[in-house]
Every structure is written in structure tokens, then in C-alpha cells.
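Below, read A as the first sequence line, B as the second, and so on, with proteins coming before strands; counting in each chain starts at 1.
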Number of protein chains: 2
Amino acid sequence: MKELLRTKGFKSTPQRELIFDCFFSLGKHVSVDELYQKVRELDPSVGHSTVWRNLKLICQLGLAEEVNIGDGITRYDRTTPKPHGHFFCRNCKKLLEFDVGSVMGALVEAAHEFEFEPDGYKIEVQGYCSDCRQDDRTNDVATRSANDERKA
Amino acid sequence: MKELLRTKGFKSTPQRELIFDCFFSLGKHVSVDELYQKVRELDPSVGHSTVWRNLKLICQLGLAEEVNIGDGITRYDRTTPKPHGHFFCRNCKKLLEFDVGSVMGALVEAAHEFEFEPDGYKIEVQGYCSDCRQDDRTNDVATRSANDERKA
DNA sequence: TTGAAAATGAAAGTCGTTTTCAATTGGCGA
DNA sequence: TCGCCAATTGAAAACGACTTTCATTTTCAA
């Protein structure tokens, strides 16, 4: 890692190494705060902004990319050799990955038609995972009474 | 529109009608502020929060849905009979729509394998549109001093 | 008409993200 | 190895989009 940083012109610092290590030791889809907590376990002196900046750096280095599922929290996903999509459970907030190889062809083709030069794909499918499926869901209704439930 | 609101248990107010009208008269992918500006042109007394709340209401009624392209701004897209994806130009921020009929099958199948019950799809392809394509782009580089090398 | 409930507008609050700035540190050249 | 200078750090504040609060106004069913 130290090597990669040097060759790219960045300095290696203890904080940076720690943050990088923590990021890669954690699972995927890490938020800044999740990473921050992890880092603090090992070195409570590391600052919030340092974690944030290094997470950005990890993205700049092409080692991860942002994932935005629309809940206001940016997560960071290690880049993988093959692109993948996400199933996002509206209930338990779980994020599952699935292979999108079968849809890439169609996407690339569509892009070609638009003379669009793609360099990133975000395929997010929202719904309910196997644990949270139910038939009498009440949280996507447009009626007044459902509003009140929601607030609770 | 007044009818729809009533039947769903919501009241009809001048502000609400105006906001709804403006939303549907504007193109797609409207942000709260864009809608707010439009509304203010016709009635400067309407408040920011009223616009925001009614945009949420439009979503609750199933007439629109949020689109998140990761730039921190939530846009609202009229729901259309057929699902569509977006091409988001990193340079000019343009948002183009494309038909995703050809990929839906694969997505639904993948969801089925995961026992996932989908109810929303977000297919965002990022890159550069035909107007912004160029070969010597310099805004996605990960190297500090290697910028120069790469261009040469 | 009238009152309960909903909607409004201004302002303030929330919260994740980003920047500022002074102090510290890494690492290249001498 | 040493010293310099730019990169990095940490605390705090700034930022900005989103959301809530609350007093007031308005809608609409009875």
C-alpha cells in the first residue's frame, strides 16, 4: 500500500495506512462514520476529517467508489473486477450484491445509441429482502392514515 | 387534481394546486429549488417548506419519485408507464433518459434468485454525453504528478 | 356557519459533507 | 544524515440540502 501511495505521489502516514487497512478489512458498503468508528477503535486520535479525506483518496485511486442509495448516506464500495448491482432492502437497509453481467450489454448498447461514453454504472434495485417480505406492508401508501403510522 | 387529492384525504389549497401544476408543467428531473423558483414566479408568497412538502406529497401519491444521481441534490421524476434509466453527464450535468425494457428481465430474474421483492429500479449510467466527449479529459485522474505524464 | 383538522410560511434545527487553518510530519535533495 | 517545504493532520467551523417546529391561516364536512 505504501508503494502504491508513493508511486502515485502521495505520502504514507500512520493514519493513512490505518485508514486504508480498516477500509479493506471492513466489508463492503462502508459509510464514513462506520469507517471512522473502526479506525477509532485502533487509534482514537485520528480525526473525522482525516478519515473522510482518505476515503476520498481511496476513491481517487480507483480502489473504491461511492454508492448512493438515496438515504442520505454515502457508502463506499470497493471496486471489483466485475461490475455489480445492489438490492437495497427498504426495511432492514441491507445491501445485497448481484451480478449485472447480463444487463451490461444492453446498457452499453443503449449508451452507444445516445453517443454517450459511459464510465460508471449504478444499478440499484429497491424493495424487500427475503427476511423482510410481507404481504400487508403499509409503508408505501399514499393515504392520510398511513402518514401517521409512518411518523411513529 | 383536486379530485385526486380529496379522494386520498388531502385538502386542496391554492398553493398546492399551483405547486402540482408547476411540477407537471416543468420537465422531468426537477429539484426542490427549481420547482420553488418556478412557483415563486407565479406566486412569490409560497414558502419553501410548502413546496418541499408538496413535492413529497406528489411522491406519496405515486405521481413522481426521487432520483439520486449522487451529486447531493434530490431530483423528482414524474413516474412514467415504462421504467427508464438515466445517462448522467459528469461534465454538463445533463440527464438523459433511455429505455430499460431490455434489462428489466435480467433484473427481475436476479431478484428472484435472491428471493428479493423489487419495487423500484434505479439505473444510472455516468459518463460523458456526445457534447462533452473528449479524449484528453483531465478530471478523473488519480495521480498527483502523473497528470502530466498521462496527457503526453 | 362553524369547529376540528390540515396546510401554510418563516425560521430554526438536523445531519452528512466539506473547508479552513494552524500545527505537525514525511520524504526528497543537499 | 539534516533541513526544508509541501503534504497531511485534527479540531472546529462552514456549508448546504433536507426536515421540523410552531403560531397562524385555511379548508371542508357536519
Under the side chain to side chain contact (heavy atoms under 4.5 Å, CB included) test, residues paired with Gln15(B) that sit two or more places apart: Thr13(B), Val46(B), Thr50(B)

Sugar-phosphate only, base, or nothing, as touched by Asn54(A) at under 4.0 Å among non-hydrogen atoms: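 Result for Asn54(A) = sugar-phosphate.
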
Sugar-phosphate, base or nothing in reach of Ser31(B), heavy atoms under 4.0 Å: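 Result for Ser31(B) = nothing.
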
When you compare the protein's N or O atoms with those of nucleotides 28-30 of chain C, which come within less than 3.5 Å of each other, and at what distance?
none

Salt bridge (Lys or Arg N to Asp or Glu O under 4.0 Å) partners of [X], counting only residues at least two apart:
X         : value
Asp71(A)  : Arg75(A)
Asp21(A)  : none
Glu109(B) : none
Lys11(A)  : none

Pairs touching residues 88-113 of chain A that satisfy ring pair (Phe, Tyr, Trp, His ring centres under 6.0 Å), sequence neighbours left out: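 Listed once each, the pairs are Phe87(A)-Phe98(A).
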
Residue pairs involving residues 40-81 of chain B (criterion ring pair (Phe, Tyr, Trp, His ring centres under 6.0 Å); sequence neighbours excluded): Tyr36(B)-His48(B)

Path from Val39(A) to Leu61(A) over hydrophobic side-chain contacts below 4.5 Å: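 Yes, Val39(A) and Leu61(A) fall within the same hydrophobic cluster.
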
What is the separation between atom [atom1] on [X] and atom [atom2] on [N], rounded to the nearest whole Å?
X        : N       : atom1 : atom2 : answer
Gln60(B) : dA6(C)  : CD    : P     : 13 Å
Leu57(B) : dT27(D) : CG    : P     : 16 Å
Phe10(A) : dT9(D)  : CZ    : C1'   : 15 Å
Glu34(B) : dC18(D) : CD    : P     : 11 Å
Arg16(A) : dG10(D) : CZ    : P     : 11 Å
Glu17(B) : dT8(C)  : CD    : P     : 10 Å

Residue Lys11(B), side-chain heavy atoms: nucleotide from dA6(C), dT9(D), dG26(C) that is nearest: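 Closest of the options to the side chain of Lys11(B): dA6(C).
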
Under 4.0 Å protein heavy-atom contacts per nucleotide of nucleotides 9-19 of chain C, with B for base, S for backbone only and - for none: BB-----SBBB

Partners meeting side-chain hydrogen bond (donor to acceptor under 3.5 Å, both in side chains) with Thr74(A) (sequence neighbours left out): none

Degree of bending in the helix from dT1(C)-dA30(D) to dA30(C)-dT1(D) once both end axes are built from five pairs, to 10°: 30°

Non-hydrogen side-chain atoms of Leu107(A) and Met104(A) separated by less than 4.5 Å: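 In contact.
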
Sequence neighbours excluded - side chain to side chain donor-acceptor pair (under 3.5 Å) pairs with any residue from residues 96-105 of chain B: His29(B)-Glu97(B), His84(B)-Glu97(B)

